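Data block below; observations after.
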There are 2 protein chains.
Amino acid sequence: MTENDKLTEEKIFESATEVFIEKGMDGARMQDIADHAGINKALLHYYYRTKDRLFNAVFEKIAGQMFKKFAPIFDENLSLEEKLRFFFREHITFMQKNPKLPLFILNEFHRNPGRIRKVVQKIDINKLWTVLEAQHKEELKNYNITRETIPQFMTTVAGMSVFPFAARPVIASIMEKMGYDFDQYIEERKEYAPDFIINALKKQV
Amino acid sequence: MTENDKLTEEKIFESATEVFIEKGMDGARMQDIADHAGINKALLHYYYRTKDRLFNAVFEKIAGQMFKKFAPIFDENLSLEEKLRFFFREHITFMQKNPKLPLFILNEFHRNPGRIRKVVQKIDINKLWTVLEAQHKEELKNYNITRETIPQFMTTVAGMSVFPFAARPVIASIMEKMGYDFDQYIEERKEYAPDFIINALKKQV
DNA sequence: TTTAAATTTGACCATCTGGTTAATCTATTT
DNA sequence: AAATAGATTAACCAGATGGTCAAATTTAAA
């Protein structure tokens with residue numbers, strides 16, 4: 001029973017996750033989710049009272065997973081360069097397995113900005129940066145990163161990783177026409193991105 | 001009369017544009033658009049037969065505008081560096097005025113990949129690159145751009161410009177907590193981005 | 001085996017939504 | 001001023017959609 005409980009509820013949750021990611025909150029239909037899980041629509045409301053609650057459950061889990069992927073950077077005992085390489089390798093690999101996640105998250109954050117606070121509140125980014133700064137005090141002297149340009153740097157890193165997936169349909173379509181392969185392009189980006197950034201940040205002596 | 005015709009049809013088109021960008025195709029309601037334009041809902045169907053047709057009209061115009069912003073790069077008589085600076089200045093300025101466009105476009109392309117071909121087909125990107133290559137044959141020798149890394153380079157440029165707007169809610173929320181101002185960050189990005197890229201591409205002699 | 005609780009379902013409902021239609025209003029033409 | 005064509009509206013419709021409910025079925029406890 002408890003066994004079966006979890007199976008049904010999990011099946012619902014997983015189906016909801018797939019359908020919501022594919023169609024978004026507005027585009028998803030409760031019937032689709034029920035069909036996808038092979039159950040009656042009323043069961044959705046039995047486990048999760050409303051569409052909103054179901055969506056919230058799905059979204060919070062996904063957003064959590066996504067941000068967890070950033071965490072290891074702060075405790076791994078690596079040099080800054082190695083951390084950058086580590087991040088791009090891990091993060092892009094994760095998105096290769098979940099290519100539709102980025103756009104889904106950006107989109108639902110945009111449509112309901114209230115959600116962001118819940119996720120962002122949990123993180124003390126100032127502290128995170130202070131830790132990072134302390135860990136690499138000497139190293140940082142060789143790079144063009146100042147208090148003023150942290151946002152520029154951070155969003156550049158995030159963008160180089162996320163943007164190819166958020167814009168995948170457009171990029172893939174253009175590349176196909178030019179004779180490039182999108183998957184290979186992604187694979188190469190794991191190295192290209194950190195190389196690019198490290199090169200950009202190095203102070204010209 | 002013809003005068004009034006245009007006024008009504010334009011009013012509808014503009015209202016539709018706003019509502020579609022704000023809520024997306026799925027989230028937008030014909031009634032919202034009618035209300036926004038201050039007219040009866042039936043009038044929408046009088047001028048544009050269906051929601052799909054109305055959306056298509058809006059989307060094609062927007063996508064067209066967006067891509068036109070990339071065009072000047074290919075005929076302006078500037079150095080590569082200057083073209084990069086020109087692009088970021090113009091493109092980011094354009095998005096400052098239409099901050100919700102990028103996510104809207106990415107989203108609708110994702111939801112209906114068929115649309116992309118219509119837009120992409122019109123552009124012969126191979127030829128565009130050949131032109132660009134010929135224009136800057138000498139200059140390119142100093143940069144780390146090869147046939148193989150063109151996609152990496154192009155998407156990096158696009159991403160550095162577009163990503164901050166696509167992820168604006170998240171970025172702005174985090175920055176607010178860190179004491180940075182999003183608008184100022186965007187303003188500074190017009191220079192930071194080309195600087196960053198040029199630095200990254202310069203061959204270490 | 002009986003009983004009670006939890007799970008699953010089919011049928012149903014109120015509301016919303018895109019779309020239609022017949023009638024009214026407006027303006028131009030004759 | 002009458003007629004005609006186009007613009008605008010109120011009322012309406014069929015189908016979809018989120019959600020409910022009582023009945024049926026399964027599972028666990030007694």
Side-chain angles (χ1 to χ4, degrees), chain A residues 1-62 104 107-108 110-112 114-115, chain B residues 1-62 104 107-108 110-112 114-115:
Chain A
M1 189 215 217
T2 310
E3 188 64 18
N4 240 316
D5 258 12
K6 282 185 184 170
L7 278 180
T8 302
E9 199 169 341
E10 263 176 30
K11 227 177 1 180
I12 291 176
F13 191 87
E14 284 165 18
S15 298
T17 301
E18 278 190 49
V19 175
F20 277 134
I21 288 178
E22 183 60 36
K23 311 241 184 182
M25 163 69 174
D26 289 334
R29 303 292 143 206
M30 293 298 265
Q31 191 60 57
D32 292 346
I33 297 172
D35 291 348
H36 194 284
I39 54 160
N40 187 288
K41 191 183 56 150
L43 255 191
L44 297 181
H45 293 93
Y46 178 76
Y47 284 102
Y48 306 82
R49 291 189 55 79
T50 66
K51 187 185 180 185
D52 262 297
R53 280 172 188 271
L54 177 54
F55 179 82
N56 277 341
V58 168
F59 186 82
E60 269 185 40
K61 180 162 186 183
I62 290 180
F104 169 73
N107 212 41
E108 298 302 337
H110 164 75
R111 205 127 304 167
N112 187 344
R115 290 187 209 290
Chain B
M1 191 212 215
T2 309
E3 188 61 20
N4 241 315
D5 260 13
K6 282 185 184 171
L7 278 180
T8 301
E9 199 168 342
E10 263 176 28
K11 225 176 2 178
I12 291 177
F13 191 86
E14 284 165 18
S15 297
T17 302
E18 277 189 52
V19 175
F20 277 134
I21 288 179
E22 184 61 36
K23 311 243 184 181
M25 163 69 174
D26 289 334
R29 305 291 143 207
M30 293 297 265
Q31 190 61 57
D32 291 346
I33 298 172
D35 291 347
H36 194 286
I39 55 160
N40 187 288
K41 191 183 56 152
L43 255 191
L44 297 181
H45 295 92
Y46 179 77
Y47 284 102
Y48 305 83
R49 293 190 54 80
T50 66
K51 187 186 180 184
D52 263 295
R53 281 172 188 270
L54 177 53
F55 179 81
N56 277 341
V58 168
F59 186 80
E60 269 185 40
K61 180 160 185 183
I62 290 180
F104 170 73
N107 213 40
E108 298 302 337
H110 165 75
R111 206 126 303 167
N112 186 346
R115 291 188 209 289

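Labels below follow one simple rule: chain letters A, B, ... track the order of the sequence lines, proteins then strands, and each chain is numbered from 1. Please read all numbers here as calculations on a predicted model, not as lab measurements.
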Reckon Ala34(A) touches a base, only the sugar-phosphate, or nothing at all at heavy-atom distances under 4.0 Å? nothing
Sequence-aligned protein contact record of nucleotides 19-24 of chain D, with B where the base is within under 4.0 Å of a protein heavy atom and S where only the sugar-phosphate is: BBB---
Please determine whether side-chain contact (heavy atoms from CB on, under 4.5 Å) holds for the pair His110(B) and Asn107(A), giving the CA-CA distance in whole Å, both sets of side-chain angles, and the decisive distance to 0.1 Å. CA-CA 11 Å; His110(B) 165 75; Asn107(A) 212 41; over 6 Å; no
Compute the ring centroids of Phe20(A) and Phe104(A), then answer whether they are less than 6.0 Å apart. no
Based on the rotation axes of five pairs at each end, what angle does the helix from dT1(C)-dA30(D) to dT30(C)-dA1(D) bend through, to 10°? 0°
Lys41(A) side chain near Ile33(A) side chain, heavy-atom distance below 4.5 Å: no
Interatomic distance, Ile12(B) CD1 vs dA7(D) P [rounded to whole Å]: 11 Å
Check whether any side-chain N or O of Tyr47(A) sits under 4.0 Å from OP1 or OP2 of dT8(C), and answer yes or no. yes
Is any side-chain heavy atom of Ile21(A) closer than 4.5 Å to a side-chain heavy atom of Ile62(A)? yes
Run the side-chain contact (heavy atoms from CB on, under 4.5 Å) test on Met30(A) and His45(A) for me, step by step, so that the C-alpha distance in whole Å, both residues' side-chain angles and the decisive distance to 0.1 Å come before the verdict. CA-CA 9 Å; Met30(A) 293 298 265; His45(A) 293 93; 3.7 Å; yes
Euclidean distance, atom CG of residue Leu54(A) to atom C1' of dT17(D) [Å, nearest integer]: 15 Å
Starting from the C-alpha separation in whole Å, work towards a yes-or-no answer on side-chain contact (heavy atoms from CB on, under 4.5 Å) for Lys23(B) and Arg29(B). CA-CA 9 Å; Lys23(B) 311 243 184 181; Arg29(B) 305 291 143 207; over 6 Å; no
Figure out the NZ/C1' separation between Lys11(B) and dT8(D), and round it to whole Å. 11 Å
Rounded off to whole Å, could you give me the CG-to-P distance for the Leu43(A) and dT8(C) pair? 5 Å
Could you check how far OH of Tyr46(B) sits from P of dA7(D), rounded to whole Å? 4 Å
Starting at atom CG of Leu44(A), determine the distance to atom P of dT17(D), rounded to an integer number of angstrom. 14 Å
dT8(D) phosphate, OP1 or OP2, under 4.0 Å from Thr8(B) side-chain N/O: yes
Taking C-beta and beyond as the side chain, do Tyr47(B) and Arg53(B) meet within less than 4.5 Å on heavy atoms? no
Can a side chain N or O of Arg29(A) be found less than 4.0 Å away from OP1 or OP2 on dA16(D)? no
Provide, to the nearest angstrom, the distance between the CD1 atom belonging to Ile39(A) and the C1' atom belonging to dA6(C). 15 Å
Do the non-hydrogen side-chain atoms of Met25(B) and Arg111(B) ever get within less than 4.5 Å of each other? no
Please report, rounded to the nearest Å, how far the P atom of dG18(C) is from the OH atom of Tyr48(B). 17 Å
Measure the shortest side-chain to side-chain distance between Thr50(A) and Leu54(A) over non-hydrogen atoms and say whether it is less than 4.5 angstrom. no
